[in-house]
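Input: a single structure, listed below in structure tokens.
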Amino acid sequence: MSSISLYLFILLHIFPTTKAATASPPAYTAPDLILLNCGESSKLNDTSRRSWDGDDRSIYVPYNTANISSASTASYTGPSVLQVPYKTARVFRSSFRYTFRVSTGPKFIRLYFYSDVYSHYNTSESFFSVTANGFTLLSNFSAFLYSRSSSQPSFIREFVINVQKYSRLDLQFSPNPYSFAFVNGIEIVSIPDELYFRGNDVPIKYMNQLYYLTNDTALETLYRLNVGGSRVEIEDDSGPDRGMFRAWSPDDDYMYGGDFGWTLHLENVEIKYTPATPRYSAPEIVYTSAREMANTSISLDWRFRIDSGFYYLLRFHFCEFTLDVRLQNQRVFTININNQTTELDSDVITWAGGPDIPIFRDYITWVPDDGHHGKQDLRISLYPYRESRPQYYSALLNGLEMLKLSDPKGSLAAANPELAADSPPPAKKKTRRSSVTYAVIGSVIAVLTVVAALSYLVSRRWRKVEGFSASYAARSSWLPLSSTASTSTTSTTRSGVVSDLCRYFSLNEIKDATHSFDESYIIGKGGFGNVYRGLLDDGATTVAIKRLKQSSNQGVREFLTEIEMLSKVRHVHLVSLIGYCDDNEEMILVYDYMAHGTLRDHLSNRENSPLNWKQCLQICIGAATGLHHLHTGSEHAIIHRDVKSTNILLDENWVAKISDFGLSKMGQSNESFTHISTDVKGTFGYLDPKYLSTHQLTRKSDVYAFGVVLFEVLSGRPAVDVRLEEEQHSLAGWARCCIREGKVDGLIDLNLMGQISDACLKVFVGIAGRCVHIQPMERPTMADVVTSLELALALQQTAEEGADDEYGGRTYCDQRLTVISMDAMHKPSIT
């Protein structure tokens with residue numbers, strides 16, 4: 001098919017001409033509406049006055065299921081959690097099927113979840129699958145992980161299934177082994193036949209191809225946004241949603257970039273629905289509110305976290321309802337999806353046939369698989385199309401829906417989200433006209449893939465314990481490292497056993513070492529839990545003991561990663577793992593004791609004597625050497641991902657050692673490794689801006705964080721200090737500013753004044769400045785950092801011995817050590 005023929009085909013079949021004069025069809029009323037309050041026996045109304053039937057002894061539940069499922073009540077529902085349907089749940093100990101008799105045609109299936117404790121069932125231990133008429137909706141699903149990752153105590157997962165045979169919908173819940181499944185509420189509501197499935201012979205534009213969305217595909221709704229407007233709550237069938245009970249969310253949290261344009265809303269606008277855009281397409285409030293480019297904007301940009309390895313249906317809702325744009329070619333813009341031009345010259349007036357007429361456009365996009373259906377970014381951009389010389393260089397969007405399409409196996413399932421750690425604070429919002437502004441700055445987070453670590457460790461090193469508690473196995477999904485097993489479910493007796501990884505300690509040994517976790521033994525606290533000073537082997541060996549607190553969100557995955565990483569790499573500048581304890585549901589790590597604590601302790605704690613400059617340089621060289629070994633010293637590159645001054649420990653001889661590998665990532669072979677696509681985790685103030693925006697983790701991400709540490713050492717300041725003026729909040733940003741303006745003296749800690757030679761300072765600031773360069777390609781490798789810091793130390797020693805700095809500098813340059821001049825840091829690109 002030629003490009004011209006393809007274009008004409010799209011015009012005739014996908015984008016039918018819409019005329020305002022054509023009468024709009026009536027509102028839609030759903031023939032099927034089932035609201036099932038799981039675990040409840042009576043009928044109750046929700047806050048929208050919808051009546052929910054209890055599923056206890058209902059027609060949808062098979063008889064004699066007491067040995068399979070049970071009704072249960074949540075231990076607590078806070079004010080943010082609705083009583084109906086979240087107060088009760090049905091808990092399944094084995095596979096359980098609901099059967100619903102419904103009419104044929106597509107249905108919304110909404111599953112309601114509230115992760116809590118139901119009787120003795122803690123949903124943090126729940127992993128299960130859900131299928132519907134042969135489609136896999138969820139697999140190995142954890143409502144607990146989803147709730148914590150999305151910061152939603154209760155939530156809904158919405159799917160679209162086309163019921164084609166026997167007018168029957170079977171919904172089956174299947175728990176994983178040693179686990180259980182649960183659900184709080186089930187909603188089934190019919191939707192119009194052509195709402196999404198517009199006929200098997202009607203293609204959808206997919207780049208320069210055509211995609212056929214057939215009615216034997218399942219869908220999952222990921223986003224439904226009232227762009228530029230407020231939240232639209234579900235309504236009854238006399239309300240704007242016309243009987244499908246959809247909710248529309250604002251788009252503020254998904255805006256990306258510096259300028260979010262203007263938000264528009266006009267009341268008393270008569271929206272002229274048409275057969276091509278019926279009333280049920282979207283409520284009027286969606287078409288009478290919008291986000292519009294401001295005069296100073298370059299584009300409108302959104303970013304969404306979605307699962308890799310799937311096709312997606314993106315539906316853009318448009319309506320030119322403003323008084324400014326009433327004619328063709330007044331506003332023409334380009335639609336870009338994931339850096340691909342989807343629509344070059346979008347003119348809503350031309351598409352719709354006039355103003356105040358709604359229109360929507362469907363597009364298909366594909367997100368490549370990252371190997372396990374993990375999360376990736378999908379970006380949408382709208383920007384003016386200037387070639388047609390429109391009256392306004394602007395763009396506009398009213399609404400957006402994004403739905404995931406089932407894969408060839410009929411599955412919509414993806415990996416569980418990973419819990420976030422050390423989330424950066426949200427960016428402040430500022431208003432412009434009636435606009436919102438900056439969305440949350442780095443919705444940070446998340447993310448260590450435990451699946452690989454689990455399978456590797458379980459298959460190669462761990463042995464299942466006979467009689468091991470089923471609930472514990474379901475909770476943690478890991479087993480002791482030692483090859484010797486105990487039959488006790490409450491304690492183990494493997495004292496002194498050394499595996500091929502490290503030594504195993506019983507809980508009794510740990511308690512003896514810490515006087516039963518006496519608070520006077522605490523030497524540190526963190527997100528993982530408390531760190532204790534311990535005495536082993538009858539007091540002969542002093543160790544540091546890190547104990548997971550029960551309320552920690554970091555838990556198993558960081559515990560596993562720490563053992564995995566520290567068992568693979570050993571180096572004088574990496575903290576040594578002596579052993580671990582997994583006794584009686586405790587997770588404890590035992591390390592070499594670092595007598596002088598963390599580097600941060602000696603930069604900000606006035607109770608400690610300040611470090612002299614040569615000590616600072618030696619500590620920085622040691623830490624840099626440790627990082628260099630991580631990056632290149634083994635077959636696979638290891639990225640620490642949480643380099644900061646509190647994770648650099650100092651032993652009794654002031655030797656620096658990198659610690660805390662719970663967030664680390666292991667890449668491919670060092671020769672082929674470039675980056676890892678992953679959610680953002682780390683600590684605010686140390687996060688690489690490029691990693692934050694692209695989710696591509698590289699060695700240079702560690703280099704950036706280490707550059708922040710270098711400036712901490714020089715200035716004595718923390719990475720973030722909101723007590724200072726706004727321009728100085730970020731140490732990295734302030735350092736770049738001082739370098740650019742030639743005011744490096746303003747960075748030096750008062751305790752170090754007069755100690756640093758000019759040549760040493762020039763090299764030190766030069767390499768630190770390159771480390772925090774915005775562009776990763778401009779940053780040095782850790783090998784370069786080590787070399788430059790060694791040069792800085794040599795220049796400092798030369799100066800202290802009375803030799804000429806310039807001569808010393810020339811000597812070491814002859815030995816291929818690089819002097820980085822201050823002038824090199826003045827170039828504008830550093831910003």
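Centroid-to-centroid, the aromatic rings of F92 and F182 stay 6.0 Å apart or farther. The aromatic ring centroids of F304 and Y223 lie less than 6.0 Å from each other. Taking the centre of each ring, Y60 and Y98 stay at or above the 6.0 Å mark.
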Stepwise side-chain hydrogen bond (donor to acceptor under 3.5 Å, both in side chains) test for D301 and Y254: CA-CA 9 Å; D301 297 277; Y254 308 102; over 6 Å; no
For the pair R279 and E284, evaluate salt bridge (charged side-chain N to carboxylate O under 4.0 Å, His left out) and give the outcome as yes or no after the intermediate values. CA-CA 8 Å; R279 288 185 178 275; E284 291 183 1; 3.8 Å; yes
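F173 does not carry R97 over the face of its six-membered ring by the limits of under 6.0 Å from the centre and within 45° of the normal. By the 6.0 Å and 45° rule, R379 stacks over the aromatic ring of Y256. Annotation: cation-pi geometry not satisfied between K404 and Y312 (NZ/CZ under 6.0 angstrom from ring centroid, within 45° of ring axis). Judged by the 6.0 Å and 45° rule, R331 forms no cation-pi pair with Y392. A cation-pi arrangement is present between R361 and W351 under the rule of less than 6.0 angstrom and at most 45 degrees off the ring axis.
In this structure Y383 satisfies the side chain to side chain donor-acceptor pair (under 3.5 Å) test with no other residue, sequence neighbours excluded. In terms of the ring-ring contact (aromatic ring centres under 6.0 Å, His included) criterion, residue partners of Y146 (sequence neighbours excluded) are, by chain and number, F155. Qualifying side-chain contact (heavy atoms from CB on, under 4.5 Å) partners for S174, counting only residues two or more places apart in sequence or in other chains: S95, Q172. In this structure, T288 has no side chain to side chain donor-acceptor pair (under 3.5 Å) partners at least two apart in sequence or on a different chain. For S249, the side-chain contact (heavy atoms from CB on, under 4.5 Å) test picks out L225, R231, with sequence neighbours left out. Scored by the ring-ring contact (aromatic ring centres under 6.0 Å, His included) test, Y311 finds Y206, Y211, W366 as partners (sequence neighbours excluded). Considering only residues two or more places apart in sequence or on other chains, L82 meets the side-chain contact (heavy atoms from CB on, under 4.5 Å) condition with T47, Y86. Among residues two or more places apart in sequence or in another chain, the ring-ring contact (aromatic ring centres under 6.0 Å, His included) test is passed with F321 by none. T88 pairs by the side-chain contact (heavy atoms from CB on, under 4.5 Å) definition with N37, E40, T73, not counting sequence neighbours. Qualifying salt bridge (Lys or Arg N to Asp or Glu O under 4.0 Å) partners for D55, counting only residues two or more places apart in sequence or in other chains: R90.
Looking only at side-chain heavy atoms (C-beta outward), I161 and L137 come within less than 4.5 Å of each other. Proximity of D307 to K375: side-chain heavy atoms (C-beta onward) are separated by under 4.5 Å at one or more points. Counting only heavy atoms from C-beta outward, the side chains of V160 and F197 approach each other to under 4.5 Å. Looking at L219 and L403, their side chains come closer than 4.5 Å, going by heavy atoms from C-beta outward. L195 has its side chain within reach of Y280: a pair of non-hydrogen atoms, C-beta onward, lies under 4.5 Å apart. A heavy-atom distance below 4.5 Å is not found between the side chains of F100 and V163. Using a 4.5 Å heavy-atom threshold, the side chains of N398 and F360 count as separate. Under the 4.5 Å side-chain criterion, counting only non-hydrogen atoms from C-beta, F128 is not in contact with N140.
Between the side chain of Q164 and the backbone N or O of N215 there is at least one donor-acceptor pair closer than 3.5 Å. Using modelled atom types, no side-chain atom of S147 and backbone atom of F144 make a donor-acceptor pair closer than 3.5 Å. In this structure, the side chain of T123 does not engage the main chain of S126 through any donor-acceptor pair within 3.5 Å. Without hydrogens or angle criteria, D32 side chain to S103 main chain gives a donor-acceptor distance under 3.5 Å. Proximity of a side-chain donor or acceptor of T136 to a complementary backbone N or O of L412 within less than 3.5 Å is not detected. Distance alone, capped at 3.5 Å, places no donor-acceptor pair between the T277 side chain and the Y273 backbone. Formation of a donor-acceptor pair under 3.5 Å by the S72 side chain with backbone atoms of S119 is found in this model. No donor-acceptor pair closer than 3.5 Å links the side chain of Q340 to the backbone N or O of N336. Put simply, the side chain of D46 gets close to the backbone of S48: a donor and an acceptor are under 3.5 Å apart.
Of all non-hydrogen atoms in L300 and E292, the two that sit nearest each other are CD1-C, 4.1 Å. Closest non-hydrogen pair, L111 versus V130, comes out as CD1-CG1, 4.0 Å. Pairing each heavy atom of P192 with each of P106, the nearest pair is O-CG, 3.6 Å. The two residues L378 and N338 come nearest to each other via the heavy atoms CA-OD1, 3.3 Å. Looking at every heavy atom in both residues, M244 comes nearest to R110 through O-NH2, 2.8 Å. The two residues G228 and T263 come nearest to each other via the heavy atoms O-CB, 3.5 Å.
Taken from CZ in F159 to OG1 in T221, the straight-line distance is 9.0 Å, to the nearest 0.5 Å. Considering CH2 of W302 and CD1 of I380, their distance stands at 7.5 Å, rounded to 0.5 Å. Atom CD1 of I188 sits about 9.5 Å away from atom CG of L33, to the nearest 0.5 Å. Put simply, SG on C319 and CG on D356 are 6.0 Å apart, with the number rounded to the nearest 0.5 Å.
Checked for salt-bridge contact, K205 and D362 miss the test: no charged N lies under 4.0 Å from a carboxylate O. Taking 4.0 Å as the cut-off between side-chain N and carboxylate O, R168 and D170 count as a salt-bridged pair.
Aromatic ring pairs are classed by plane angle as parallel below 30°, tilted from 30° to 60° and perpendicular above 60°; the pair H317 and W248 is perpendicular. The aromatic rings of Y363 and F316 stand perpendicular to each other, their planes meeting at an angle above 60°, with 30° marking the opposite boundary. Classification of the F318-F333 ring pair by plane angle, with boundaries at 30° and 60°, yields tilted.
Under the 3.5 Å distance criterion, with hydrogens and angles disregarded, no donor-acceptor pair is assigned to the side chains of N416 and S142. Side-chain polar atoms of N122 and S124 form a donor-acceptor pair below 3.5 angstrom.
Within the structure, salt bridge (Lys or Arg N to Asp or Glu O under 4.0 Å) pairs that include any residue of residues 128-141 do not occur (at least two apart or interchain). Residues in residues 75-84 take part in no salt bridge (Lys or Arg N to Asp or Glu O under 4.0 Å) pair, two or more places apart or across chains.
Between L396 and the choices M293, E320, R291, the side chain to side chain contact (heavy atoms under 4.5 Å, CB included) rule is met once, by E320.
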